[in-house]
Amino acid sequence: MRYDPESYRKIVGDEVIADIYKKARKLYGKYILNINSTYQGGGVAEMLSSLVPLMNNTGIDAEWRILHGNPDFFTVTKKFHNALQGADINLTDLKKKLYMETNGNFAIYTHIKHDAVMIHDPQPLPLITFYRKRQPWIWRCHIDLTAPNPKIWDYLKSFILRYDAVIVSMERYKRKDLPVEQFVIPPAIDPLTPKNMPLEKSTIDKFLAKFNIPLDKPLITQISRFDPWKDPLGVIEVFKKVKEVKDVRLILCGSMASDDPEGYRIYEEVKKKAKKLIENGDVILITSENNILVNVLQRVSSVIIQKSTREGFGLTVTEALWKGTPVIASRVGGITLQIKDGWNGFLLDPYDYDGFAKKIIELLENPDLARELGENGTEFVRKNFLITRLILQHLKLLGEIL
Ligand code: UDP
């Protein structure tokens with residue numbers, strides 16, 4: 001059974017598995033509730049869909065609920081998300097009202113009698129104000145908090161201060177101006193999901209045919225929601241530069257997350273900008289949500305690019321490294337935890353278009369280098385960013401808090 005920690009034994013070794021069961025012992029029968037705002041799309045849903053069932057297999061009662069909201073709510077919370085990453089915001093009373101009302105409505109229909117509550121990201125953050133608090137509440141922030149817009153930070157802080165603990169993805173995201181206990185837990189990937197499991201060649205061929213992706217030229221791929229912070233327009237610029245030297249094809253694969261209303265707008269912008277390239281087949285845009293397709297693309301591409309201008313962590317980087325595919329990415333946020341420049345990938349300034357193009361060409365011309373980076377990438381992820389480590393850290397933290 002995939003969700004049995006035993007299945008992970010071959011990948012991470014006996015000690016890790018024994019340690020998971022040992023740490024879980026203190027927590028038998030505890031009800032832990034996770035709340036976020038989408039079942040599909042984006043890194044948070046990706047992680048919860050493995051973490052929750054795996055925790056259940058260790059004797060904990062882990063649960064996952066979704067905060068429902070209408071499109072206006074998600075427009076507001078995406079603005080909050082952007083502002084937390086430093087963008088400007090007009091923080092009107094109307095926005096605050098929508099934010100609070102949606103959370104309040106959820107609370108009317110949802111009883112929380114669990115032993116601990118884990119709230120993911122800003123959308124369900126104010127829920128805490130609608131409950132009589134009977135258990136520890138933890139805010140799990142997946143966003144880069146180094147330079148938030150002061151207005152939004154001050155507003156959201158009024159909720160965060162009520163929490164018992166905050167988890168961020170890297171040391172740098174801890175806030176000195178937040179007198180709440182803060183823990184660092186980097187995200188992780190599950191090596192046994194359809195997105196990350198090994199694939200037969202026949203499956204790869206089937207998916208390439210299904211999505212009309214020819215392999216007559218090397219593929220450069222970015223897998224990311226169509227989001228300004230992922231800079232798909234910048235990727236097109238880089239691609240044009242590479243194309244002057246090498247005949248390659250670009251794939252931008254970005255499914256639409258239900259809690260990210262910006263997706264369609266950015267997708268249309270990209271489509272417009274790359275119109276000619278799309279028409280002649282040099283650029284392929286994909287919006288389907290398909291885990292095996294992502295797996296296939298991360299395996300067959302010559303280079304995976306992640307040209308984000310901000311990145312809380314960047315699970316897409318982890319996923320590609322795990323598959324031994326070389327990654328060229330921006331030196332921002334959580335990507336810097338994952339790539340050691342020149343050892344398991346390359347890091348560049350996000351606006352260094354020439355640099356990105358040069359490194360892509362270098363890798364295309366040097367398969368030995370690509371292989372070496374790939375091998376280092378796989379081992380680095382095995383040691384640091386697999387779901388088993390994430391479970392251990394969660395169990396440890398819950399053990400301390402409960
Ligand atoms: N993803 C996907 N299909 C897509 C685009 C993204 O399944 O078309 C997944 C991707 O594989 C990764 C997650 O969505 O697991 C994105 O996580 P990441 O941390 O990179 O970025 P986020 O979207 O959370 O900002």
Side-chain angles (χ1 to χ4, degrees), residues 36-51 74 77-78 80-82 84-85 87 120-123 140-145 168-170 173 185-197 207 211 213 221-232 235 250-264 266-267 270 284-299 301 304-323 325 327 329-330 332-339 381 385-387 390:
N36 80 322
S37 57
T38 177
Y39 270 128
Q40 243 183 7
V44 180
E46 178 71 20
M47 252 187 313
L48 285 174
S49 53
S50 284
L51 191 65
F74 288 119
T77 53
K78 184 71 199 287
F80 286 8
H81 170 107
N82 291 345
L84 271 179
Q85 298 207 129
H120 296 262
D121 279 347
Q123 297 92 338
R140 199 326 175 192
C141 176
H142 298 267
I143 299 169
D144 177 346
L145 283 182
V168 291
S169 294
M170 60 193 293
Y173 297 168
I185 303 186
I189 59 162
D190 184 341
L192 300 179
T193 54
K195 184 172 286 172
N196 297 311
M197 68 190 184
F207 273 77
F211 286 91
I213 300 166
T221 302
Q222 175 160 297
I223 292 160
S224 275
R225 290 176 294 105
F226 286 95
D227 176 311
W229 305 99
K230 313 282 185 187
D231 195 19
V235 177
L250 174 70
I251 301 200
L252 291 175
C253 176
S255 57
M256 300 291 164
S258 59
D259 63 349
D260 179 7
E262 281 185 310
Y264 294 99
I266 305 294
Y267 172 75
V270 171
I284 299 178
L285 304 186
I286 300 173
T287 55
S288 318
E289 167 94 28
N290 189 312
N291 288 328
I292 298 185
L293 173 68
V294 170
N295 192 339
V296 168
L297 291 174
Q298 285 165 338
R299 285 178 196 280
S301 298
I304 292 288
I305 174 167
Q306 191 61 53
K307 222 193 89 34
S308 311
T309 53
R310 288 250 173 194
E311 192 60 76
F313 183 70
L315 281 176
T316 49
V317 171
T318 336
E319 291 159 4
L321 291 175
W322 174 241
K323 292 163 188 120
T325 303
V327 184
S330 303
V332 297
I335 296 176
T336 60
L337 279 180
Q338 305 187 57
I339 296 186
V381 172
F385 301 119
L386 291 187
I387 193 90
L390 190 67

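Order of appearance sets the numbers: ligands from 1, and atoms from 1 within every ligand.
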- Nearest-0.5 Å distance, CD1 of residue Ile292 to CG of residue Leu297: 12.0 Å
- Item | Ser288 to Ser255 - nearest heavy-atom pair and separation | O-CB, 3.8 Å
- Tyr39 atom OH, neighbour heavy-atom count above 12 within 6.0 Å: yes
- Task: Please could you name the atoms of ligand 1 that Gly254 approaches to less than 4.0 Å, counting only its heavy atoms?
- Result: 8 (O)
- Note on the structure: For atom 3 (N) of ligand 1, the closest protein heavy atom turns out to be Ser255 OG, 3.3 Å
- Note on the structure: Atoms of ligand 1 under 4.0 Å from any heavy atom of Gly314, numbered from 1 in the order shown, are 19 (O), 20 (O)
- Message: If the cut-off is 4.0 Å to any non-hydrogen atom of Arg225, which atoms of ligand 1 fall inside it?
- Response: 22 (P), 23 (O), 25 (O)
- For atom 1 (N) of ligand 1, the protein heavy atom that lies nearest, with its residue and separation: Lys195 NZ, 4.0 Å
- Message: I need the atoms of ligand 1 closer than 4.0 Å to a non-hydrogen atom of Val294, numbered in the order shown.
- Response: 2 (C), 3 (N), 7 (O), 11 (O)
- Closest protein heavy atom (residue, atom, distance) for atom 19 (O) of ligand 1: Leu315 N, 2.9 Å
- Parallel, tilted or perpendicular: rings of His120 and His142 (30°, 60°): parallel
- Specify the protein heavy atom at minimum distance from atom 6 (C) of ligand 1: its residue, its atom name, and the distance to 0.1 Å. Ile223 CG2, 3.8 Å
- Query: So which protein heavy atom does atom 14 (O) of ligand 1 come closest to, and at what separation?
  - Reply: Gly42 N, 3.6 Å
- Message: So if I count the atoms of ligand 1 from 1 in the order they appear, which ones are less than 4.0 Å from some heavy atom of Glu46?
- Response: 15 (O)
- Query: Which heavy atom of Gly334 sits nearest a heavy atom of Tyr173, and at what distance?
  - Reply: N-OH, 3.2 Å
- In short, Leu337 meets Phe385 closest at the heavy-atom pair O-CZ, 3.7 Å
- Task: Quick one: closest heavy-atom pair of Pro261 and Lys78, and the distance?
- Result: CD-CB, 4.0 Å
- Message: Looking only at distances, can you tell me whether any N or O atom of Gly43, backbone or side chain, sits closer than 3.5 Å to an N or O atom of ligand 1?
- Response: yes
- Sole residue of Lys307, Gln222, Gln306, Arg310 in side chain to side chain contact (heavy atoms under 4.5 Å, CB included) with Asp231: Lys307
- Distance from atom 22 (P) of ligand 1 to nearest protein heavy atom, with residue and atom: Lys230 NZ, 3.5 Å
- Task: Kindly determine whether Ser301 and Thr325 satisfy side chain to side chain donor-acceptor pair (under 3.5 Å), including the steps that lead there.
- Result: CA-CA 7 Å; Ser301 298; Thr325 303; over 6 Å; no
- Atoms of ligand 1 less than 4.0 Å from Glu319 heavy atoms? 10 (C), 11 (O), 12 (C), 15 (O)
- Item | Ligand-side contact atoms (ligand 1) for residue partner Thr316, heavy atom cut-off under 4.0 Å | 10 (C), 12 (C), 20 (O)
